[in-house]
Each structure stands twice: as C-alpha cells, then as structure tokens.
Amino acid sequence: MGSFQTSDEHGRPELRPLRVAMRREDLFAEARTMVEDLDGWTLVRADEEGLALHCERKGGLLGGTARVTLSVEGPDGIPSATLTVRSESEGGLLSRDKAVVVEFMTPFARRVV
C-alpha cells in the first residue's frame with residue numbers, strides 16, 4: 001500500500017497544498033467539477049459540510065486503484081482557501097500516488113489561479 005499527501009515541505013508547487021483567494025465553498029465546487037471532468041476519476045462521496053471529496057482513480061493492472069481525498073479549508077466568508085490532496089493506493093504493482101496528486105493539481109491550479 002502506498003500513499004502521498006500534499007505538503008509545504010515539497011519543492012514542486014503541484015505537490016504542495018493549493019492556496020487561493022477564493023471562498024472555501026467556491027473552491028470546493030470547482031474541485032468537484034474538476035473531478036467530474038477528469039477521465040478515470042470517480043466521485044465516491046461528497047462531504048458538503050466538511051468540504052471533502054472522496055474519489056477513486058483507476059490505475060489499471062500496474063497502478064491499482066487510488067483512494068483520493070480532496071479537502072478544502074479556510075475561514076468562513078473570507079476569500080482565502082486551501083486545498084489539500086491525499087492519495088492512498090493498494091492492489092497494484094506500482095505506487096502511483098504522487099502521480100495521481102499531480103494529475104489533479106496541475107490542471108486544477110490552472111483552473112483556479
């Protein structure tokens with residue numbers, strides 16, 4: 001089983017939490033739309049109250065299935081929100097968790113920044 005989570009300790013921007021000048025509800029809505037737009041991604045459950053999306057990303061025989069959690073945080077009513085992404089996989093021969101995070105964060109950053 002592998003896992004990867006965005007963190008400020010990573011050097012590459014697409015591997016760090018994404019901070020934007022948006023209300024947290026708006027960032028959550030954009031993340032949900034992005035999941036729907038990505039091939040191979042399935043929204044399993046949306047936690048509207050906790051602002052978390054629980055998704056699956058199929059990786060095929062070598063990559064297995066990744067369980068991806070997208071979490072949005074920020075102050076109420078203020079345009080300042082942060083998105084973190086965590087990917088956990090099992091069942092494949094190769095861990096692709098970092099690649100799964102990059103697959104989401106790269107186009108998403110272009111969309112909201």
Closest approach of Gly2 to Asp97 (non-hydrogen atoms, all atoms of both residues): C-OD2, 3.0 Å

Set of residues satisfying side-chain contact (heavy atoms from CB on, under 4.5 Å) with respect to Leu43, sequence neighbours excluded: Arg32, Val35, Ala46, Leu53, Cys55

With Glu14 via salt bridge (Lys or Arg N to Asp or Glu O under 4.0 Å) - residues at least two apart: Arg12

Residues in side chain to side chain donor-acceptor pair (under 3.5 Å) contact with Asp26, at least two apart in sequence or another chain: none

Derivation and outcome, side-chain contact (heavy atoms from CB on, under 4.5 Å), residues Glu56 and Trp41: CA-CA 6 Å; Glu56 284 186 349; Trp41 286 66; over 6 Å; no

Thr42 side chain vs Val44 backbone, donor-acceptor pair below 3.5 Å: no

Contacts of Pro17 that satisfy side-chain contact (heavy atoms from CB on, under 4.5 Å) - sequence neighbours left out: Thr6, Asp8, Arg19, Thr82, Thr84

All salt bridge (Lys or Arg N to Asp or Glu O under 4.0 Å) counterparts of Asp76, not counting sequence neighbours: Arg24

Residues in salt bridge (Lys or Arg N to Asp or Glu O under 4.0 Å) contact with Glu103, at least two apart in sequence or another chain: Arg57

Test salt bridge (Lys or Arg N to Asp or Glu O under 4.0 Å) applied to Asp47 - qualifying residues, sequence neighbours left out: none

Qualifying residues under side-chain contact (heavy atoms from CB on, under 4.5 Å), relative to Ser3, sequence neighbours excluded: Arg86, Glu88

Sequence-distant partners of His54, ring pair (Phe, Tyr, Trp, His ring centres under 6.0 Å), two or more places apart: none

side-chain contact (heavy atoms from CB on, under 4.5 Å) partners for Glu30, two or more places apart: Met22, Phe108, Arg111, Val112

By ring pair (Phe, Tyr, Trp, His ring centres under 6.0 Å) - contacts of Phe28 (at least two apart): none

